[in-house]
Amino acid sequence: MSALPADFPPGEGPAAKVSVSLRAGNIRAIRDRVGSRGFSAYVDAAVERQIERDLLEEALVANEAQAAPIPQEFKDEAAALFREVKSSPELQGE
């Protein structure tokens with residue numbers, strides 16, 4: 001991978017070509033959604049979302065270290081709510 005001209009925060013800076021390996025099923029699913037022309041933008045947005053999730057997880061760990069761990073019942077409630085929203089008919093195209 002070539003060096004970039006400067007440091008940029010996630011989601012910023014010029015586009016740069018890199019080579020990545022993806023599973024065939026993921027490639028097909030992306031192309032089905034956005035076609036070949038939107039492929040790079042789709043993957044770039046997915047990477048940015050993952051970086052945001054990583055940063056949120058790091059903030060949560062730091063917060064728990066400073067304050068106190070989040071009770072398991074709250075974690076379970078949040079996970080159940082996420083599963084419910086994720087499986088809602090509106091998101092399933094029904």
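Sequential numbering from 1 along the given sequence is applied to the chain's residues.
To the nearest 0.5 Å, atoms CG (Leu55) and CD (Gln50) are separated by 10.0 Å. Of the inter-residue distances, the one linking Ile70 atom CD1 with Leu60 atom CG reads 4.5 Å to the nearest 0.5 angstrom.
Applying the salt bridge (charged side-chain N to carboxylate O under 4.0 Å, His left out) test to Arg28 and every residue at least two apart in sequence or in another chain returns Asp32.
Here the closest non-hydrogen pair linking Phe8 and Gly13 is CD2-CA, 3.5 Å.
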Under 3.5 Å, sequence neighbours excluded: what are the donor-acceptor pairs made by side chains of residues 33-48?
none

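Residue pairs meeting the salt bridge (charged side-chain N to carboxylate O under 4.0 Å, His left out) criterion with at least one partner in residues 62-79, sequence neighbours excluded, are Glu64-Lys75.
There is a path of hydrophobic side-chain contacts, each under 4.5 Å, that joins Ile30 to Val18. The hydrophobic clustering, which links ILVMFWY residues whose side-chain heavy atoms are closer than 4.5 Å, places Val61 and Ile51 apart.
Within 6.0 Å of CD on Gln72 lie more than 12 heavy atoms contributed by other residues, nucleotides or ligands.
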